[in-house]
Q: 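Would you mind keeping the following structure in view while I ask a few things?
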Amino acid sequence: MSDGPAIVVENLIKQFPGAARPVVDGCSFSVAPGELVVLLGPSGCGKTTLLKMVNRLYEPTAGRIIVNGVDAGQVPVAALRRQIGYVIQQTGLFPHMRIEDNIAVVPRLLRWPRARINDRIDELLALIGLPHDYRKRYPRQLSGGEQQRVGIARALAADPPVMLMDEPFGALDAITRTRLQDELLSLQSKVHKTILFVTHDVDEALRLADKVIVMRAGKLVQFDRPLKLLTRPADEFVTKLLSTGDPLRRLSLIEVGSIAAQLAHSSRGSGTAPCLKTTTDLRTALSLLLEGGEEQLPVVDEGGQIIGTLSFDTLRVAMQQLEQPVVDSHEQGR
Ligand SMILES: Nc1ncnc2c1ncn2[C@@H]1O[C@H](COP(=O)(O)OP(=O)(O)O)[C@@H](O)[C@H]1O
Ligand SMILES: [Mg+2]
C-alpha cells in the first residue's frame, strides 16, 4: 500500500443512458488511510451511485478513482474488489448457507488453505461479538442486527484495506442501530480500515464520521469534520439538512474531556449520583443532570480519579464558546 491517500476521487461524473442530467456531477475528494468518511445527503442525490463506482459495479462516465495509488479503471475488476469489502442494507447473506460458509465465501474464492479459513471464521465471530456456535446457524436464525454483523464480518474476511458501507444499519430498529454504530466505531479502532459509509441519517453521520461529505443532486456541497459542519455550514442547504442551530446536536459532538479546564474544582463525589467520564459527550451529560435532578456531577479520569464537577453553568459556557466556532475537538483526531 502506498503512503498517499487511500482513495482519490477526481471530477467523477455518472450519467445513465437516456437520463437528462448526471446523477453524480463532478465530485472530487480524497480519503486518508484509516479514515471513516460518510457520504450524507437526501435520498436520490447519488450516494449509492458514487459508492458503486468505487468497486466498479458502475463505470464512471468521466473522471477517475484511485484506490491505494492505482487507477481503479485500469486494473481487473476482480483484483480491485479483493481490496474492497462491501456491506449493504439487505446484507446479501446467502440464506441456504450456514454463517461459517457465508463468512468464508471470499477466502474460499481466494483458495486460502482450509485451516486458515477456519481460524479466520473464529477470529471474525469474536471480533463482531457473536458466539462460536453461531457458525452452524443459518441467516434466518439470527436477528436483523446479528445478520448485519455477519455481513460486516464477511466483508472483512480477506482483510481488505477499504470498506464500502451503503446504509448498512438502515433497516434496523433505533436501539439496535445505535448499538451497531458503537460496535462499528469500536471495531474501527482495532482494524483501521479506510471506510466510505453512505447514509441519509444526519445523526448517524455525525456520530460515525471522521469527516462528512454532504451531497446534493450529485454535487459535493461540503467536506468537513462533523463539528465544523455544524459551526461553519457552507450554505443554506447544509444549514437546513443538519439543523445546525440545534444546541443538543452540537453538544453531542463535544466530549467532557475537551472542556476539562472549565470544570469546577472538586475532589468529592456526590454519593449516589453517576460519574461522568472524560469521553462522555455533553448531550449525555446534560440528560444525566436532568434525570438525576443534580446541580452538578463529578467527572472522573481514566483512572477513576475525580478531576472536577460539571454543572449547567459549565454547559452554558461551552455552548457560548461554540457560538464563536474555533474549538474543534475532532481536529486533534479521536
Ligand atoms: N442503474 C440505474 N439506471 C438509471 N438510473 C439510475 C440507476 N441507478 C440509480 N439511478 C438514478 O440515480 C439517482 C440517484 O440514485 P442513488 O445513487 O441510488 O441515490 P441515493 O443513494 O443517494 O439515494 C436516482 O434518481 C436513481 O433513479
Ligand atoms: Mg442509496
Side-chain angles (χ1 to χ4, degrees), residues 7-29 31 36-65 67 72-73 77 80-81 84-93 144-145 147-148 151-152 154-155 162-174 176-177 180-181 184 193-209 211-224 226 229 233-243:
I7 302 172
V8 181
V9 170
E10 288 176 0
N11 300 315
L12 194 65
I13 295 175
K14 179 67 183 180
Q15 184 154 12
F16 288 107
R21 284 182 290 111
V23 169
V24 172
D25 196 2
C27 286
S28 300
F29 60 88
V31 182
L36 196 169
V37 169
V38 172
L39 295 167
L40 172 70
S43 180
C45 74
K47 306 180 295 296
T48 294
T49 304
L50 197 160
L51 208 64
K52 284 183 170 175
M53 285 190 276
V54 179
N55 62 2
R56 286 180 60 192
L57 288 170
Y58 292 155
E59 298 291 344
T61 307
R64 288 202 307 169
I65 301 175
V67 178
V77 171
L80 175 72
R81 293 200 188 140
I84 303 177
Y86 187 45
V87 186
I88 54 173
Q89 188 179 109
Q90 309 79 346
T91 73
L93 296 181
Q147 289 182 32
Q148 204 51 256
I152 293 172
R154 189 175 62 172
V162 173
M163 295 278 281
L164 306 178
M165 308 184 79
D166 194 348
E167 312 235 12
F169 310 142
L172 305 172
D173 64 89
T176 308
R177 185 172 189 153
L180 276 152
Q181 289 166 356
L184 177 63
K193 299 297 175 187
T194 304
I195 303 179
L196 272 180
F197 186 108
V198 162
T199 186
H200 64 270
D201 179 325
V202 174
D203 287 309
E204 179 165 83
L206 296 176
R207 197 133 186 267
L208 293 178
K211 289 185 183 165
V212 180
I213 290 171
V214 181
M215 282 182 72
R216 177 191 199 186
K219 293 198 157 57
L220 185 159
V221 186
Q222 188 167 3
F223 183 22
D224 260 318
L229 286 174
D235 63 11
E236 197 58 23
F237 173 77
V238 180
T239 304
K240 284 223 176 77
L241 181 75
L242 277 81
S243 313

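In what follows, residues are counted from 1 in the order of the sequence shown. Both backbone and side-chain heavy atoms feed into the values below; hydrogens, waters and symmetry mates do not. Remember, it's 1-based here, ligands and their atoms both numbered in the order they're listed.
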Q: With respect to the Mg ion (ligand 2), please indicate if T48 possesses an N, O or S atom at a distance under 2.8 Å.
A: yes
Q: Are R81 and Y86 close enough that some pair of their side-chain heavy atoms sits under 4.5 Å apart?
A: no
Q: Check if G46 has a non-hydrogen atom at a distance under 4.0 Å from any atom of ligand 1.
A: yes
Q: Checking contacts now, so for atom 26 (C) of ligand 1, which I'm interested in, is there any protein heavy atom under 4.0 Å?
A: no
Q: Looking at side-chain heavy atoms only, is the closest gap between C45 and M215 below 4.5 Å?
A: yes
Q: Going by heavy atoms in the side chains, are L206 and L40 under 4.5 Å from each other?
A: no
Q: Atom 16 (P) of ligand 1: which protein heavy atom is closest, and how many Å away?
A: T49 OG1, 3.6 Å
Q: Could you tell me if the side chain of Y58 sits less than 4.5 Å from the side chain of V24, heavy atoms only?
A: no
Q: When you compare the side chain of V87 with that of Q148, does any pair of heavy atoms fall below 4.5 Å?
A: yes
Q: Just to confirm my output: which protein heavy-atom neighbour is closest to atom 13 (C) of ligand 1, and how far is it?
A: V23 CG1, 3.5 Å
Q: Flag C45 as yes when one of its N or O atoms lies below 3.5 Å from any N or O atom of ligand 1, and as no otherwise.
A: yes
Q: Among K47, M215, E167, which residue places a heavy atom closest to atom 22 (O) of ligand 1?
A: K47
